Each structure stands twice: as structure tokens, then as C-alpha cells.
*Asks:* 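Quick one: this structure, given as C-alpha cells, is what I'll be asking you about.
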Amino acid sequence: EGHFQKEIDLNLRLIDEVWLNYGHHKSFRGWYLSQEISRRTKNMSKIYARVGRHAKDVSGNLTTLISPYIHGVKTDQVMLSGDKALSTKEHEEEWDEILSNVQGAVDIMAFQDGQVDYRELYDYLVVNKKLADRYNMKCWTNIESFDRDMPIRFLPIKWEKLLLKLESARRAGMEDAITFEFSHFMSPNSTYLQAGHLYERYREHFKIK
């Protein structure tokens, strides 16, 4: 809402408090900068840069990760208000500028993968890998394990769709994969029965015992 300096100040105080209370734990391995953006939003790169550098400074250069999303055809602003999805070229241009502003403050870029058409996903992932390499960042993918194509928001994704996204990420050279969100949409302990079945299909395919 334009209060970017207030957001920076609050985040810096939170980082100091978290590090003071929990930084001594061996399990404390890095930071997730939780602001989610899809494009060249005014001042957002300033938040990533300032907050990321502070987190690294107080913790002895621990790893920082961001998980933005692609401004594609399934983005809410596009679907609900008629906003225009970014082409791969526009996506590259806008994120080239963003990443040039946050270089040194962000180590891992893990774009969410659910806001684009399945047929376009690979092309966007290739752009993401190209950008990450350009700015010496690691490139992961954040695979949405829920289905955006159903009238009910949200159900566990169909296995074939999850596999398609995993294969697209592999072909595009993603270095690792995380998911949003395991506990609801893939865990055998989820209230969704489909989640446990999705996890079993995943284990069967990759021969995980």
C-alpha cells in the first residue's frame, strides 16, 4: 500500500528478534523473505534488498530465499479484473530489473508455478533459470500441489498435473523443488483423502520406500 519503509522497519526488527531467540539452534539454516510479488511492483525490490542484506548481516551470511509468482493467465488479478498476463519476454525484462536491484541479498529464487498455463510453464521456467544464472542465484521451483482448475478452492492436484510440472522443472534445469503445500495437499495425515493418495502416487513413481 505504499508503506514500504514501514514494512522494511518491521521486518528488520523481526529478524533481530528471531535471530536473538533462535539463531543459536543448529537447525537454523537460513531465511525465507515472505513478500510475494509477480512483477516490478513499486519499491518491492527495495524491501527484498534491505531485508535480505540485514538477515545475512546478522546471521553470518546465512542463505536467503524468495518465492515470487509468475504474472500469468491464472493470476487472480488477471482472472478477476482483466489485467494482462506477462509474456515470457515481459517476465524476463521485469525480473531482470528486480534481480539487478537485489543481487547479493537473495541466494535462492523459487518461483511458484501455478499461475501459468501448463503448456507455457516450461518456457517461463527456462527464463527463470536464465535469470538466476545471470545473477549468480540458485534456481528452484515451488510446485503448487493444489489444483487451480477446479471450481472448489482448493483441492489436491491431479497426479498427472503434478508429474507434468515436475518434468517441466527437470527439463528446465531447476536445481531443487519445494511444494506449497505438503501438509494440506500431499500429506497422508491431511483431511483430504486425495492428499494421501497423491503422496502414494508420488512415492510409487520415484520408487521412494
Side-chain angles (χ1 to χ4, degrees), residues 1-71 75-77 86 91-115 124-125 127-146 154 169 174-187 189-190:
E1 297 178 344
H3 307 298
F4 78 96
Q5 188 58 53
K6 182 178 180 181
E7 184 166 355
I8 288 174
D9 294 340
L10 287 169
N11 275 266
L12 300 189
R13 286 163 51 196
L14 176 62
I15 287 169
D16 290 341
E17 181 180 339
V18 169
W19 184 249
L20 177 66
N21 286 292
Y22 306 107
H24 63 282
H25 287 284
K26 289 189 295 184
S27 57
F28 200 117
R29 301 294 298 275
W31 304 89
Y32 167 49
L33 312 183
S34 60
Q35 292 82 6
E36 296 181 9
I37 61 172
S38 63
R39 58 184 311 174
R40 193 171 46 211
T41 308
K42 184 179 181 181
N43 292 317
M44 187 58 76
S45 61
K46 294 182 181 179
I47 297 176
Y48 275 156
R50 184 72 180 87
V51 173
R53 291 191 180 105
H54 185 71
K56 295 176 79 64
D57 287 344
V58 301
S59 63
N61 204 38
L62 285 184
T63 300
T64 53
L65 177 147
I66 61 172
S67 188
Y69 60 99
I70 302 166
H71 202 80
T75 303
D76 283 343
Q77 300 98 297
L86 293 183
H91 173 73
E92 179 174 1
E93 290 171 351
E94 294 212 5
W95 276 94
D96 185 48
E97 180 178 331
I98 293 169
L99 296 182
S100 70
N101 293 330
V102 304
Q103 193 171 18
V106 175
D107 299 306
I108 303 170
M109 182 170 65
F111 269 96
Q112 302 166 32
D113 74 348
Q115 290 87 352
Y124 283 101
L125 292 176
V127 168
N128 294 343
K129 183 64 168 67
K130 177 181 175 183
L131 288 167
D133 290 345
R134 183 179 299 163
Y135 291 101
N136 198 30
M137 297 177 184
K138 292 183 179 179
C139 194
W140 296 4
T141 186
N142 187 353
I143 294 180
E144 291 185 352
S145 43
F146 61 89
F154 291 102
M174 298 295 104
E175 298 167 59
D176 212 333
I178 55 178
T179 185
F180 187 86
E181 189 256 359
F182 181 84
S183 59
H184 280 100
F185 305 114
M186 284 189 73
S187 171
N189 300 315
S190 171

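Here the structure is a predicted model, which means the values were calculated and not measured.
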*Asks:* Roughly how far, to the nearest 0.5 Å, is the CD1 atom of Ile37 from the CD atom of Glu94?
*Replies:*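 Interatomic distance, Glu94 CD to Ile37 CD1, rounded to 0.5 Å: 9.5 Å.
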*Asks:* Side chain of Ser100, backbone of Glu97: donor and acceptor closer than 3.5 Å?
*Replies:*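 Flag set: sc Ser100 to bb Glu97 pair under 3.5 Å.
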*Asks:* Could you check whether any side-chain N or O of Asp96 sits under 3.5 Å from a backbone N or O of Glu92, counting only pairs where one atom can act as donor and the other as acceptor?
*Replies:*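 Flag not set: sc Asp96 to bb Glu92 has no pair under 3.5 Å.
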*Asks:* Looking only at heavy atoms, what is the nearest atom pair of Asn101 and Ser45, with distance?
*Replies:*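 Nearest heavy atoms, Asn101 then Ser45: ND2-OG, 3.4 Å.
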*Asks:* How close do Cys139 and Ala132 get, heavy atom to heavy atom, and via which atoms?
*Replies:*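 Scanning both residues, the minimum pair turns out to be CB-CB, 3.6 Å.
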*Asks:* For Ser67 and Asn142, which heavy atoms make the closest approach, and how far apart are they?
*Replies:*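 That would be OG-ND2, 2.9 Å.
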*Asks:* Report the C-alpha distance between Glu181 and Thr179 in whole Å, list the side-chain angles of each, state the deciding distance to 0.1 Å, and finish with yes or no for side-chain hydrogen bond (donor to acceptor under 3.5 Å, both in side chains).
*Replies:* CA-CA 5 Å; Glu181 189 256 359; Thr179 185; over 6 Å; no
*Asks:* Between Met109 and Asn128, what is the shortest heavy-atom contact and its length?
*Replies:*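 Nearest heavy atoms, Met109 then Asn128: CE-O, 3.5 Å.
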*Asks:* Between Gln5 and Asp9, do the side chains contain a donor N or O and an acceptor N or O under 3.5 Å apart?
*Replies:*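 Yes, side-chain donor-acceptor contact under 3.5 Å.
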*Asks:* Between atom CE of Met174 and atom CG of Leu125, what is the distance when rounded to the nearest 0.5 Å?
*Replies:*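 If I round to the nearest 0.5 Å, the distance is 5.0 Å.
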*Asks:* Check whether the ring centres of Phe28 and Tyr22 lie less than 6.0 Å apart, and answer yes or no.
*Replies:*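 Not close enough - the centres of the two rings lie 6.0 Å or further apart.
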*Asks:* Step by step, work out the side-chain contact (heavy atoms from CB on, under 4.5 Å) result for Gln112 and Glu36.
*Replies:* CA-CA 10 Å; Gln112 302 166 32; Glu36 296 181 9; 3.3 Å; yes
*Asks:* Determine, step by step, whether Arg134 and Leu99 satisfy the side-chain contact (heavy atoms from CB on, under 4.5 Å) criterion, reporting the C-alpha distance in whole Å, the side-chain angles of both residues, the deciding distance to 0.1 Å, and the verdict.
*Replies:* CA-CA 9 Å; Arg134 183 179 299 163; Leu99 296 182; over 6 Å; no
*Asks:* Other residues, nucleotides and ligands only: do more than 12 of their heavy atoms fall within 6.0 Å of CG on Asn136?
*Replies:*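 At most 12 heavy atoms, drawn from other residues, nucleotides or ligands, come within 6.0 Å of this atom.
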*Asks:* Let me confirm one number: the CD1-CE distance from Ile66 to Met44, rounded to the nearest 0.5 Å.
*Replies:*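 These two atoms lie 10.5 Å from each other.
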*Asks:* Strictly distance-based, threshold 3.5 Å: is any side-chain N or O of Ser38 a donor or acceptor partner for the main-chain N or O of His71?
*Replies:*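 No; zero donor-acceptor contacts below 3.5 Å.
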*Asks:* Throw together a table of side-chain donor-acceptor distances under 3.5 angstrom for residues 46-64, partners on residues two or more places apart or in other chains.
*Replies:*
residue: Lys46; atom: NZ; partner: Asn43; partner atom: OD1; Å: 3.3
residue: Tyr48; atom: OH; partner: Gln35; partner atom: O; Å: 2.6
residue: Arg53; atom: NH2; partner: Gln103; partner atom: O; Å: 3.0
residue: His54; atom: NE2; partner: Asp16; partner atom: OD1; Å: 2.8
residue: Lys56; atom: NZ; partner: Asn61; partner atom: OD1; Å: 3.1
residue: Lys56; atom: NZ; partner: Leu62; partner atom: O; Å: 3.3
residue: Lys56; atom: NZ; partner: Asp107; partner atom: OD1; Å: 3.3
residue: Lys56; atom: NZ; partner: Asp107; partner atom: OD2; Å: 2.6
residue: Ser59; atom: OG; partner: Trp31; partner atom: NE1; Å: 3.1
residue: Ser59; atom: OG; partner: Ala55; partner atom: O; Å: 2.6
residue: Ser59; atom: OG; partner: Leu62; partner atom: N; Å: 3.4
residue: Thr64; atom: OG1; partner: Ala105; partner atom: O; Å: 2.7
residue: Thr64; atom: OG1; partner: Asp107; partner atom: N; Å: 3.2
residue: Thr64; atom: OG1; partner: Asp107; partner atom: OD2; Å: 3.4

*Asks:* Could you state the interatomic distance from CD (Gln115) to OG1 (Thr75), rounded to the nearest 0.5 Å?
*Replies:*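 Here the rounded value is 5.0 Å.
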*Asks:* Given Ile178 and Ile143, is the side-chain contact (heavy atoms from CB on, under 4.5 Å) satisfied, shown in steps?
*Replies:* CA-CA 6 Å; Ile178 55 178; Ile143 294 180; over 6 Å; no
*Asks:* Between Val106 and Leu65, does the side-chain contact (heavy atoms from CB on, under 4.5 Å) criterion hold? Intermediate values first, please.
*Replies:* CA-CA 6 Å; Val106 175; Leu65 177 147; over 6 Å; no
*Asks:* Do you know which of Phe180, Trp140, Tyr124, Trp95 makes ring pair (Phe, Tyr, Trp, His ring centres under 6.0 Å) with Phe111?
*Replies:*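 Option passing the ring pair (Phe, Tyr, Trp, His ring centres under 6.0 Å) with Phe111: Trp95.
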